[in-house]
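Order of listing sets the numbers, starting from 1, for every ligand and every atom in it. Values reported hereafter were calculated over all heavy atoms of this structure, with side chains retained and with hydrogens, waters and symmetry mates removed.
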Amino acid sequence: MTVWAILLAAGRGERLGLDHPKAFAKLGEDPLLAEPLRRLEDSDWIDGIVVVAPPGWEEPAILLAEELGCGKANSCVPGGETRADSVRAGLAEVPADALVVLVHDAARPLVSDELIGRVLAPLSEGWDGVVPGLPVTDTLKRVGSDGGVLETVARDGLYAVQTPQAFLADVLRRAVAGDAEATDCAAFVEAAGGRVKVVAGDPRLLKVTTADDLAKIASWL
Ligand code: C5P
């Protein structure tokens, strides 16, 4: 099976408070984007990589891929206004003969080969999509705009879902066609009636949102 990865790096990352996009924030010595790019390149599961860069940052992204010797990253496109638009931009670059598409947030740099294998396996058992998730352990409350608690939400069966998310390519292409919005790709496949499975996620797949997250991830390298 031919597996293509879409590496989403087009977010602005405003909460980091930098004058450049999150993908180019420093993680150790390198830009954040270098870590997931290197890991996807080194994964035997992955045949090709499309990098979705912040608009105007395609050239630095291509240069970085070249510096790292990422021969699989032969396509780089500017992202869109929303994550879903960026997914559509990346998907347009995935060759028509790709069987599986793996969508990954560059903001989750510590993707492992083991986890990639875990999300790919159920696709050969009749699932349309597979996402890594961690069971929610905190008590959940819905809170109103005044800070008042509206209700306590039962957490049984609730998972916090991460990336990489794996899909049969034709199912994902059909599901994201149009201009709907969602915060992950699985939501499109679910809405289209597809079967999505959750497998064990990884706490080290923390998404970089704040400078503290970057420091924490750097300490895990
Ligand atoms: O904004 P958020 O943290 O949810 O973004 C998750 C991932 O999606 C990040 O890797 C970010 O670069 C990417 N993204 C994108 N295009 C956007 C917004 C987010 O590629 N317009």
Side-chain angles (χ1 to χ4, degrees), residues 4-27 30-41 43 46 49-62 64-65 68 70 73 75-94 101-112 115-116 119 129 131-134 159-167 172 175-176 178-189 201-218 220:
W4 273 69
I6 297 175
L7 185 56
L8 292 175
R12 281 188 281 267
E14 276 152 7
R15 278 167 290 184
L16 276 179
L18 301 171
D19 58 3
H20 48 267
K22 177 156 64 181
F24 289 89
K26 276 273 151 51
L27 177 65
D30 293 324
L32 172 61
L33 177 60
E35 191 66 31
L37 198 49
R38 209 185 278 127
R39 286 167 178 251
L40 292 176
E41 174 73 24
S43 171
I46 306 294
I49 304 168
V50 176
V51 178
V52 183
W57 288 75
E58 300 93 307
E59 206 171 309
I62 292 166
L64 179 65
L68 297 171
C70 293
S75 182
C76 179
V77 287
E81 194 52 38
T82 65
R83 186 184 187 279
D85 288 338
S86 293
V87 170
R88 286 186 269 264
L91 207 46
E93 296 299 310
V94 172
V101 175
L102 189 90
V103 182
H104 185 56
D105 293 338
R108 301 180 191 273
L110 300 189
V111 56
S112 70
L115 192 88
I116 294 172
V119 294
V131 304
L134 297 172
Y159 282 72
V161 159
Q162 307 170 315
T163 71
Q165 302 191 342
F167 303 94
L172 184 63
V176 304
D179 57 4
E181 288 301 325
T183 50
D184 80 345
C185 292
F188 289 113
V189 174
D202 183 348
R204 287 165 49 101
L205 273 174
L206 179 70
K207 183 167 77 172
V208 173
T209 306
T210 64
D212 279 354
D213 300 330
L214 263 178
K216 198 181 285 176
I217 292 170
W220 292 340

If you count the atoms of ligand 1 from 1 in the order shown, which ones are under 4.0 Å from a heavy atom of [X]?
X    : answer
G11  : 11 (C), 12 (O), 13 (C), 14 (N), 15 (C), 16 (N), 18 (C), 19 (C), 20 (O)
R83  : 8 (O), 16 (N), 17 (C), 18 (C), 21 (N)
A106 : 10 (O)
K22  : 3 (O)
E81  : 21 (N)

Item to check | R108 bridged to E35 by N-O distance under 4.0 Å | outcome: no

Next on the checklist: What verdict does the side chain to side chain contact (heavy atoms under 4.5 Å, CB included) test give for L40 and I116, after you've listed the backbone C-alpha separation in whole Å, the side-chain angles of each residue and the deciding distance to 0.1 Å?
Outcome noted: CA-CA 9 Å; L40 292 176; I116 294 172; 3.9 Å; yes

Checklist entry - After noting the C-alpha distance and the side-chain angles of Q162 and D105, does the key distance pass the side chain to side chain contact (heavy atoms under 4.5 Å, CB included) rule? => result CA-CA 9 Å; Q162 307 170 315; D105 293 338; over 6 Å; no

Checklist entry - Checking side chain to side chain contact (heavy atoms under 4.5 Å, CB included) for the pair H20/W57: CA distance, chi angles, key distance, verdict? => result CA-CA 9 Å; H20 48 267; W57 288 75; 3.6 Å; yes

Next on the checklist: Between R88 and D85, is the salt bridge (Lys or Arg N to Asp or Glu O under 4.0 Å) condition met? List the steps.
Outcome noted: CA-CA 5 Å; R88 286 186 269 264; D85 288 338; 3.2 Å; yes

Checklist entry - Is there a heavy atom of V52 sitting under 4.0 angstrom from any atom of ligand 1? => result no

Next on the checklist: I need the single residue from V131, V189, L102, V119 that forms a side-chain contact (heavy atoms from CB on, under 4.5 Å) with Q165. Which is it?
Outcome noted: V131

Item to check | Identified side-chain contact (heavy atoms from CB on, under 4.5 Å) partner of L8 from the options V87, V51, T163 | outcome: V87

Next on the checklist: For L110 and D202: C-alpha separation, side-chain torsions, deciding distance, then whether side chain to side chain contact (heavy atoms under 4.5 Å, CB included) applies.
Outcome noted: CA-CA 9 Å; L110 300 189; D202 183 348; over 6 Å; no

How far is [atom] from the closest protein heavy atom, and which atom is that?
atom                    : result
atom 16 (N) of ligand 1 : S86 OG, 2.7 Å
atom 7 (C) of ligand 1  : D105 OD1, 3.2 Å
atom 10 (O) of ligand 1 : L8 O, 2.7 Å
atom 3 (O) of ligand 1  : K207 NZ, 3.2 Å

Next on the checklist: Measuring from atom 21 (N) of ligand 1, which candidate in A9, A10, G80, A23 has the nearest non-hydrogen atom?
Outcome noted: G80

Checklist entry - Does the protein put a heavy atom under 4.0 Å from atom 1 (O) of ligand 1? => result no

